[in-house]
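Data block below; observations after.
Keep in mind the model is a prediction, meaning the values are calculated, not measured. Count residues from 1 along the sequence.
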Amino acid sequence: MMQAHTTRSATLQPGRVLALTAALAALVAAGLAAPAPAWAQAAAPDKTPVAKAVAGKDADEPGGDFLLLDRVAAVVNDSIVLESELKARMAPLLAGLESISDARERARRQDKLMAQMLDDMIAEELVVQAAREAKLEVGKREIDAALDEIKRQNDLDDAGLKAALAEQGYTISAYRKEIERQLLHMRAINMLVRPRVNVSDEDVRARYDEMSRRSAAVSKVRLKHILLALPERPTDAQVAEAKARAAAIIEQARGGADFNELARAHSDDEATRDAGGDLGWIERGSIATEWEVIVFAMDKGEVRGPISGPRGLHVFYVEDLARADLEPFEAVQEQLRSELYRKEMDRETGAWIEEIRKKAYIDRKL
């Protein structure tokens, strides 16, 4: 625990203070629809070129000694993403890989996560560039309000926030620029994507009618699984061996064997194995469509598999299920409208980012 102040302390999860929370996003979103006030003067983010500290000879001379402080992870048009920025984003995610005992698998998963994170950061940079090209700005007062909200949510005063940021390698000035970029990103989505989204009354009614037809259907299931892990590019022999193992497990389960014990004995999912493969209550729309079609067609106590997934083959077991009565249209129409709007915003945002990505110069260095 870090002492933030003589009268106040902070318990910050790694990286938590580096991103706007959902509550803060909601707080500022209301103000993003309106243009920034005339007094708002947003500074461009500090994209410092690759830095070198030179000891002894000039680093450009043959045999020159130098210490490389940072590297370019990607070039995005006329801006860069630094390796240090990428590592800072990765830090909160690495803890989840520590439980993987196999060093090669852990390294493979880390490389995959890093590639995904770098892709996300490239997309963020493209959005910020689009915002600046559209003359969108974030004012000092908005940044101040965001900082105040972050301090409130983390129970910090000014000294506590400064100390917490220092532990994560940030100065207040650098962090203000990071907040500015996040707010600018949100404003770009709000101003440049939102006009493309429309949810009509007919769309809402159609969604309700679809739900009415399924009102007697299962609304959520208590799901358990057994994972038989496969490498990213398995051989035919490896797939065949995993399918044979799955068939044997399914036969035992259908023969009356306790699924919890089977999961503890055979599952490669370290996160759920000791709990008997328990994935908890799964609601519609919360898992991949191809899995939802299978899982929500199962009866209580049914076992199915093997089912392919990104990590290997799965054997699923439905321990329990629940059905929900549908409320009247008037009671749920605004909730449905919001859900449809969010989905349409996500779809249009993805399409818009893909459009600007195709027009951009992107050079990944890592």
Open item on the list: I'd like to know if the side chain of R71 reaches the main chain of L366, judged simply by a donor and an acceptor atom lying under 3.5 Å from each other, with no hydrogens or angles considered.
Closed with: no
- [ ] Determine yes or no for a side-chain-to-main-chain donor-acceptor pair under 3.5 angstrom, with R222 supplying the side chain and E319 the backbone.
- [x]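 No: the side chain of R222 does not pair with the backbone of E319.
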Can you measure from [atom1] ([X]) to [atom2] ([Y]) and round to the nearest 0.5 angstrom?
X    : Y    : atom1 : atom2 : value
I353 : E124 : CD1   : CD    : 9.0 Å
R196 : E348 : CZ    : CD    : 5.0 Å
I282 : L321 : CD1   : CG    : 13.0 Å
D120 : L86  : CG    : CG    : 10.5 Å
L136 : L192 : CG    : CG    : 5.5 Å
D203 : L336 : CG    : CG    : 11.5 Å

Task: D363 atom CG, over 12 foreign heavy atoms within 6.0 Å - done: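 Enclosed.
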Open item on the list: Within the supplied structure, the quantity of interest is the number of heavy atoms (other residues, nucleotides, ligands) at a distance under 6.0 Å from Q238 CD; does it exceed 12?
Closed with: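 Counting neighbours around CD of Q238, more than 12 heavy atoms of other residues, nucleotides or ligands fall under 6.0 Å, so yes.
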So which atom in [X] and which in [Y] form the shortest heavy-atom distance, rounded to 0.1 Å?
X    : Y    : value
A242 : L228 : O-CD1, 3.4 Å
F259 : V315 : CZ-O, 3.8 Å
A360 : N77  : CA-OD1, 3.5 Å
E270 : S101 : OE2-OG, 4.1 Å
M90  : Q110 : CE-O, 4.0 Å
A73  : L118 : O-CD2, 3.8 Å

Open item on the list: Checking Y317 against I226 for the side-chain contact (heavy atoms from CB on, under 4.5 Å) test, could you report, in this order, the C-alpha distance in whole Å, the side-chain angles of both residues, the deciding distance, and whether it holds?
Closed with: CA-CA 9 Å; Y317 169 69; I226 294 172; over 6 Å; no
Ion pair [X]/[Y], N-O distance below 4.0 Å:
X    : Y    : value
K140 : D144 : yes
E178 : R89  : yes
R337 : E334 : yes
D268 : R311 : no
R109 : D102 : no
K177 : E85  : no
E125 : R181 : yes
E355 : K359 : no

Open item on the list: Which residue is it: V318, D278, T272, L262? I am looking for the one with a side-chain contact (heavy atoms from CB on, under 4.5 Å) to K224.
Closed with: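 Testing each of V318, D278, T272, L262 against K224, the sole residue satisfying side-chain contact (heavy atoms from CB on, under 4.5 Å) is D278.
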Open item on the list: Name the residue from M186, H185, R187, M191 that meets the side-chain contact (heavy atoms from CB on, under 4.5 Å) definition with I189.
Closed with: H185
TODO: Evaluate the salt bridge (Lys or Arg N to Asp or Glu O under 4.0 Å) criterion for residues R207 and E210: first the C-alpha distance (whole Å), next the side-chain angles of each, then the deciding distance (0.1 Å), finally the verdict.
DONE: CA-CA 5 Å; R207 175 59 177 156; E210 178 188 358; 3.3 Å; yes
Open item on the list: Students often mix this up, so state it plainly: with edges at 30° and 60°, are the rings of H225 and H314 parallel, tilted or perpendicular?
Closed with: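 Answer is parallel, since the angle falls under 30°.
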Task: Whether F316 and W291 hold their rings parallel, tilted or perpendicular, with breakpoints at 30° and 60° - done: perpendicular
Task: Pairing residues for E241 by the side chain to side chain donor-acceptor pair (under 3.5 Å) criterion, not counting sequence neighbours - done: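 None.
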State yes or no: do [X] and [Y] share one hydrophobic cluster built from I, L, V, M, F, W and Y residues joined by side-chain heavy-atom distances below 4.5 Å, directly or via other members?
X    : Y    : value
V81  : L126 : yes
I100 : L230 : no
I250 : L279 : no
M298 : L313 : no
L227 : V303 : no

TODO: Would you kindly say whether T349 and D346 are connected by a side-chain donor-acceptor distance under 3.5 Å?
DONE: no
Open item on the list: Is it true that Q335 and E339 share a donor-acceptor pair across their side chains at a distance under 3.5 Å?
Closed with: yes
- [ ] Take D70 and E83, measure what side-chain contact (heavy atoms from CB on, under 4.5 Å) needs, and give me the verdict at the end.
- [x] CA-CA 6 Å; D70 214 339; E83 185 179 30; 3.8 Å; yes
Open item on the list: The test is side chain to side chain donor-acceptor pair (under 3.5 Å); show your working for E133 and Q129 and say whether it passes.
Closed with: CA-CA 6 Å; E133 185 177 343; Q129 290 179 12; over 6 Å; no
Open item on the list: Enumerate the salt bridge (charged side-chain N to carboxylate O under 4.0 Å, His left out) contacts for residues 245-262, please, sequence neighbours excluded, ordered by first and then second residue.
Closed with: E261-R264
TODO: May I have the step-by-step check of side-chain contact (heavy atoms from CB on, under 4.5 Å) for R357 and D119, ending in yes or no?
DONE: CA-CA 11 Å; R357 185 190 292 270; D119 194 59; 3.2 Å; yes
Open item on the list: Taking the side chain as everything from C-beta on, heavy atoms only, tell me whether Y208 gets closer than 4.5 Å to V204.
Closed with: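 Side-chain contact under 4.5 Å: no.
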Open item on the list: Are the side chains of F329 and R205 in contact, using a 4.5 Å heavy-atom criterion?
Closed with: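 Contact flag for R205/F329 side chains = yes.
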TODO: Tell me, with the steps shown, if E232 and R108 meet side-chain contact (heavy atoms from CB on, under 4.5 Å).
DONE: CA-CA 9 Å; E232 189 170 1; R108 185 190 71 80; 3.3 Å; yes
Open item on the list: Applying salt bridge (Lys or Arg N to Asp or Glu O under 4.0 Å) to E180 and R176, what does each step give before you reach the verdict?
Closed with: CA-CA 6 Å; E180 179 198 357; R176 287 182 66 90; over 6 Å; no
Task: Those residues that, when tested against F296, pass ring-ring contact (aromatic ring centres under 6.0 Å, His included) (two or more places apart) - done: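 F296 satisfies ring-ring contact (aromatic ring centres under 6.0 Å, His included) with no other residue.
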